[in-house]
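None of these values were measured; they are calculated from a predicted model. Throughout, a chain's letter reflects where its sequence line sits, starting with A, and its residues are numbered from 1. Quick note: numbers below take in every heavy atom, side chains included, and nothing from hydrogens, waters or symmetry partners.
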Amino acid sequence: MPQRPRGTRDFLFDEMKERKQVEDILRKVFETYGYQEIKTPLFEDLNLFTMKSGEGITGQIYHFQDKGGRDLALRPELTAPVARLYINELQKKSKPLKMYYFGSCFRYERPQKGRWRQFWQMGCELIGGKSPDCEAEIIAMSAHCLEELGLENFEIHIGNLGIIRGILDGANVAKEKQDQIMAIIDKGEIDELKSTLNTFDIPPKTSEILLTLINMQGHREIIEETSKLVAENENSFKAVKELEKLLDILEAFGFNKYIVNLGIARGLDYYSGVVFEIYVHDLGAQKQISGGGTYNLIELFGGGEVESTGFAFGFDRLMECVRLCGAGKTLPKTVDVVVAPISKDEKLKAVEIAQKLRRHGIKTDVDLMGKKLKKILSQADSLGAEHVIMVGERDLKENKITIKNMKSGKQELLYLSQLLSYFK
RNA sequence: GCCGGGGUGGGGUAGUUGGUUAUCCUACGGGACUGUGGAUCCCGCGACUCGGGUUCGAAUCUCGGCCCCGGCCCCA
């Protein structure tokens, strides 16, 4: 028996309907903010991802060689492909560019709850905009999506990598060492951080500031405390002021449920400024449903200095939340009408009637198996059809059919010519 | 990659001090009922994750693979 590869899923009818509903809701929110959909290839040149994504991701890439010997990779994320698309196709367009995408990504990892080897991301990129205004829009929009989905139990944590980077720059810490330190901060390992700071010979005062910074978590008041803490470092201070401005704008967008958290660092190395993550604690170990921030990937790819901000939902985790909250809506019916030929002789007539209904947008099923009437009725019932049209010899003699309302059980004799108006 | 728990018809399950025909529910097919569903009854269909080992005999004990679930690392 053939088996589904590990960490992948088959989606059946109901689940697809649920996913489609959520997809449509997000799509609609994105479009009300003026974002347009794009689609990029499922695989790209391997080096698109190995260049700047950071070690964490590159170790999990599905890579292969094609018959021409090219090194290719199934995409592990979508920000790099979108940056590539921008450089290839859109550099000369007026800014800002607003785009969204929905597609699957692949990572070779140990599957567990909320983690698959093929998973879906739905997100936006705002290319060439000015922060913090654009950052605020992206964050507000992601909150808007969650509200639209009927979710409430989420937390949006916002930080700014510029604050910590500024401190490290001030102490003349090399870029590679900085990346290592950021990775440890992302993990939240305080002891490991302390010992690493020691081995890197970071001045005690700097270490102390860092350790205080990463524990900063709260609302508005964090800004003032942090300002004082980093007052002597010009870049860090600027980053704090930027963050403050972001919060002002965010509130203008009508969102103030944020949590300022200077300990978030993100797993991808290309983030440079404001970063944010959204958590839903009920989800367990894989509680992060979204993440994003400002990055300079385009510049790293040689596309000029273009400031960009983006974020993506882990679509599968989002589905998990929707399910948990019972926020799912009622699923659309499979068919509205079933056409039942009473004997084989009426089959052609039944097909004809079904086609007429379909042409008018009515979801219709017609029995093609020569089943007995009772069987067709029983099936119509389990499909949730509202009406069954019975096509039989007796009625046809008078150019009529019998239409049965499956809920009430009542039935009516109708002329064939009256059929369409019955459904209006 | 690491740790722990699992795997019985399509779905959900009972059964393991080794021993006849592997339980029940549901779904599905047929019939009671040849132009009337959601009810009842009858019949049918269909499973021990795979491979090795122990044994007269393995769903049950044992080893390994595969897959699933939870966690670690990491991340969406």
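Annotation: B:rU8 and B:rU21 have their P atoms spaced 23 Å apart (nearest Å). Nucleotides B:rC45 and B:rG29 are separated by 7 Å at their C1' atoms, to the nearest Å. Here, B:rC50 and B:rC66 have their C1' atoms 7 Å apart, quoted to the whole Å. A distance of about 26 Å separates the P atoms of B:rG11 and B:rA58, rounded to the whole Å. Using atom P as the reference point in both B:rG31 and B:rU17, the two lie 44 Å apart (nearest Å). Taking atom C1' on both nucleotides, B:rU23 is separated from B:rA14 by 5 Å, rounded to a whole Å. Separating the C1' atom of B:rG30 from that of B:rU34 is a span of 14 Å, rounded to the nearest Å. If you take atom P in B:rC69 and the same atom in B:rG52, they sit 28 Å apart, rounded to whole Å.
A donor-acceptor contact closer than 3.5 angstrom links the side chains of A:Q118 and A:S104.
Every pair tested for salt bridge (Lys or Arg N to Asp or Glu O under 4.0 Å) that includes a residue from residues 363-383 of chain A fails, sequence neighbours excluded, so the list is empty. Applying the side-chain hydrogen bond (donor to acceptor under 3.5 Å, both in side chains) test to every pair with at least one member in residues 286-295 of chain A, sequence neighbours left out, gives these pairs: A:Q112-A:Q286, A:E125-A:Y295, A:E135-A:T294, A:T294-A:T309.
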Q: Step by step, work out the salt bridge (charged side-chain N to carboxylate O under 4.0 Å, His left out) result for A:K98 and A:E137.
A: CA-CA 11 Å; A:K98 295 175 161 191; A:E137 175 171 292; 3.0 Å; yes

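Between A:F313 and A:F311, the ring-plane angle classifies as perpendicular under the 30° and 60° cut-offs. The aromatic rings of A:F30 and A:Y35 are tilted relative to each other, their planes meeting at an angle between 30° and 60°. In this structure, A:Y108 and A:Y62 have perpendicular ring planes: the angle between them is above 60°, well past the 30° mark.
Every residue two or more places apart in sequence or in another chain that forms a salt bridge (charged side-chain N to carboxylate O under 4.0 Å, His left out) with A:E37 is listed here: A:R27.
Salt bridge present: A:E386 and A:K333 bring a charged side-chain N and a carboxylate O closer than 4.0 Å. For A:K349 and A:E352, the salt-bridge test passes: some basic side-chain N is under 4.0 Å from an acidic carboxylate O. We find that A:D316 and A:R19 are joined by a salt bridge, their nearest charged nitrogen and carboxylate oxygen being less than 4.0 Å apart. Between A:K28 and A:D24 there is no salt bridge, since no side-chain nitrogen of the basic residue lies less than 4.0 Å from a carboxylate oxygen of the acidic one.
Shown here, B:rC66 forms a base pair with B:rG7; the pair counts as Watson-Crick or G-U wobble because both key distances fall under 3.5 Å. Across all strands shown, B:rG19 pairs with B:rC56; the Watson-Crick or G-U wobble distances both stay below 3.5 Å.
Counting heavy atoms from C-beta on, the side chains of A:L331 and A:Q21 come closer than 4.5 Å.
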Q.
Return a single string for nucleotides 26-36 of chain B, one symbol per nucleotide in 5' to 3' order, where B is base contact, S is sugar-phosphate-only contact and - is none, cutoff 4.0 angstrom on heavy atoms.
A. ---SSS-B-BB

(Q) At under 4.0 Å between heavy atoms, how does the protein contact nucleotides 43-51 of chain B? Give one character per nucleotide, 5' to 3', with B, S or -. (A) ---------

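Nearest-nucleotide assignment on RNA chain B puts the 5′-proximal partner with A:R6, out of A:G291 and A:R6.
One interatomic measurement links the two molecules: CD of A:Q60 to C1' of B:rC73, which rounds to 10 Å at whole-angstrom precision. Protein atom CZ of A:F313 is 17 Å distant from nucleotide atom C1' of B:rC75, rounded to whole Å. The nearest whole Å value for the distance from the CG atom in A:D10 to the C1' atom in B:rC67 is 13 Å. The interatomic distance linking A:R117 (CZ) with B:rC66 (C1') rounds to 12 Å, in whole Å. The distance between atom OH of A:Y101 and atom P of B:rA76, rounded to the nearest whole Å, is 11 Å. To the nearest angstrom, C1' of B:rG37 lies 15 Å from CD1 of A:I403. With rounding to whole Å, A:Q121 atom CD is found 14 Å from B:rC75 atom P. Distance A:L283 CG to B:rG70 P: 11 Å, rounded to the nearest Å.
If you check every strand for non-hydrogen atoms under 4.0 Å, A:W116 touches a base. Backbone-only contact: A:G7 has heavy atoms under 4.0 Å from sugar-phosphate atoms and none from a base.
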Dump the pairs, protein N or O against N or O of nucleotides 1-9 of chain B, anything under 3.5 Å, distances to one decimal.
| residue | atom | partner | partner atom | Å |
| --- | --- | --- | --- | --- |
| B:rC2 | N4 | A:R110 | NH1 | 3.1 |
| B:rC3 | N4 | A:R110 | NH1 | 3.1 |

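Applying the ring-ring contact (aromatic ring centres under 6.0 Å, His included) test between A:H157 and each of A:F276, A:Y258, A:Y279 identifies A:Y279 as the sole match.
Out of B:rG70, B:rC72, B:rC69, the shortest distance to the side chain of A:A285 is found at B:rC72. The side chain of A:D381 approaches B:rG37 more closely than any other nucleotide in the set B:rC75, B:rC67, B:rG37.
Both geometric conditions, a ring-centre gap below 5.5 Å and a plane tilt below 30°, are fulfilled for A:F119 over the base of B:rA76.
Looking at A:R4, its side chain has no donor and acceptor atom pair within 3.5 Å of the base of B:rC68.
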